[in-house]
Amino acid sequence: MSEMTAHVKQPARRNRGRAQKDRGYRSEHEAEKTLARFGFRRNPLSGAAKHWPGDLIRQVADGRCLRVIGNKRRQRGWKVLRQWLEQEQAQCLRLDPGFGLTVGYWLPEEVFLKLLEEAGYEIQASGRSDA
């Protein structure tokens, strides 16, 4: 092995393959349990096929606008967002990437669930959907 290649740092293997897939599944499953009472179900093909958008989908035909939710599990990815939220003493952050890209919003789960309740998304107390 040459001196040049001996000092090249290899990428960490802990975030590859089956373990990463399992962590994503567990996160989606937990989100499904939390959002089931609003009619959201896990989309089992979300990562496998591009024509199946979103990780959680709502197939209740009641005309509500929120029907697809993406779910991302990151160990360290949200620290700055949490700091900004605390710094602003806000319930929600508006994230503007500039350059004509889509503006997004980030809010804690308890605020999101309250918004769903206030908007009338709750379908049944049992959390089961008839759709």
Side-chain angles (χ1 to χ4, degrees):
M1 182 165 22
S2 74
E3 233 178 90
M4 181 77 111
T5 59
H7 298 291
V8 174
K9 191 173 186 176
Q10 295 297 317
R13 292 187 161 266
R14 68 180 181 89
N15 285 333
R16 291 189 192 169
R18 186 71 187 168
Q20 184 177 11
K21 195 174 188 179
D22 289 345
R23 283 192 297 271
Y25 168 79
R26 286 192 307 270
S27 180
E28 287 177 13
H29 184 69
E30 186 64 34
E32 180 182 35
K33 286 192 321 188
T34 301
L35 297 170
R37 67 183 174 139
F38 301 109
F40 289 96
R41 298 289 180 252
R42 192 176 156 271
N43 180 4
L45 296 175
S46 63
K50 292 199 184 278
H51 61 278
W52 291 92
D55 297 312
L56 297 153
I57 53 176
R58 186 172 193 267
Q59 295 182 336
V60 178
D62 60 3
R64 306 240 182 251
C65 66
L66 185 60
R67 302 186 59 78
V68 178
I69 297 176
N71 185 71
K72 302 295 176 210
R73 184 184 187 280
R74 298 285 184 269
Q75 191 171 5
R76 294 179 222 123
W78 313 114
K79 185 176 182 180
V80 172
L81 292 175
R82 292 180 199 286
Q83 289 173 348
W84 286 342
L85 198 68
E86 291 173 12
Q87 176 184 333
E88 297 294 326
Q89 296 179 353
Q91 294 170 302
C92 179
L93 289 176
R94 179 178 183 270
L95 305 171
D96 185 352
F99 305 106
L101 299 173
T102 303
V103 173
Y105 292 85
W106 186 88
L107 57 152
E109 185 175 58
E110 63 271 7
V111 175
F112 179 68
L113 295 175
K114 182 68 174 166
L115 284 174
L116 289 175
E117 288 173 6
E118 290 176 358
Y121 274 76
E122 203 157 12
I123 54 171
Q124 290 180 351
S126 68
R128 304 267 316 158
S129 173
D130 294 329

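The figures that follow rest on heavy atoms only: side chains count, while hydrogens, waters and symmetry mates do not.
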**Q.** Pairs touching residues 58-71 that satisfy salt bridge (charged side-chain N to carboxylate O under 4.0 Å, His left out), sequence neighbours left out
**A.**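 Sorted result for residues 58-71: Arg58-Asp62, Asp62-Arg64.
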Q.
Enumerate the salt bridge (charged side-chain N to carboxylate O under 4.0 Å, His left out) contacts for residues 80-108, please, sequence neighbours excluded, ordered by first and then second residue.
A.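 For residues 80-108, and leaving out neighbouring residues, the salt bridge (charged side-chain N to carboxylate O under 4.0 Å, His left out) pairs sorted by first residue read Arg94-Asp96.
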Q: Considering non-hydrogen atoms only, spot the tightest contact between Leu66 and Leu116 and give its length.
A: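 Taking every non-hydrogen atom into account, CD2-CD2, 3.8 Å.
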Q) So which heavy atom on Leu81 is nearest to which on Leu93, and how close? A)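 Here Leu81 and Leu93 meet closest at O-CD1, 3.4 Å.
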Q) Is there a side-chain contact between Phe112 and Thr34 (heavy atoms, below 4.5 Å)? A)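 No; the side chains remain at least 4.5 Å from each other.
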(Q) Would you say that Gln83 contacts Lys79 through its side chain, given a criterion of any heavy-atom pair below 4.5 Å between the two side chains? (A)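 When only atoms from C-beta onward are counted, Lys79 and Gln83 do touch, with a gap below 4.5 Å.
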Only counting residues at least two apart or in another chain, list the ones meeting side-chain contact (heavy atoms from CB on, under 4.5 Å) with [X].
| X | value |
| --- | --- |
| Ile57 | Asn43, Gln59, Val68 |
| Glu110 | Pro108 |
| Arg73 | Arg23, Ser27 |
| Glu117 | Arg37, Phe38, Lys114, Glu122 |

Q. Is Leu107 reachable from Leu56 through a run of hydrophobic residues whose side-chain heavy atoms are each under 4.5 Å from the next?
A.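 Same cluster: Leu56 reaches Leu107 through Ile, Leu, Val, Met, Phe, Trp or Tyr contacts under 4.5 Å.
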Q.
Evaluate Tyr121 against Val60 for side chain to side chain contact (heavy atoms under 4.5 Å, CB included), listing each step before the verdict.
A. CA-CA 10 Å; Tyr121 274 76; Val60 178; over 6 Å; no
(Q) As an exercise, state the distance from CZ of Phe40 to CD1 of Ile123, rounded to the nearest 0.5 Å. (A)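 Atom-to-atom, Phe40:CZ and Ile123:CD1 are 9.5 Å apart.
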**Q.** Polar side-chain atom of Glu28 near backbone of Arg42 as donor-acceptor pair, under 3.5 Å
**A.**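 Answer holds: no.
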Q) To which residues is Val103 joined in a hydrophobic cluster, defined by side-chain heavy-atom contacts under 4.5 Å among Ile, Leu, Val, Met, Phe, Trp and Tyr, whether direct or through other members? A)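 Listed partners: Tyr105.
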Q: Report, as yes or no, whether the 6.0 Å neighbourhood of atom CD on Glu109 holds more than 12 heavy atoms from other residues, nucleotides or ligands.
A: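 No, because the 6.0 Å sphere around CD of Glu109 holds 12 heavy atoms or fewer from other groups.
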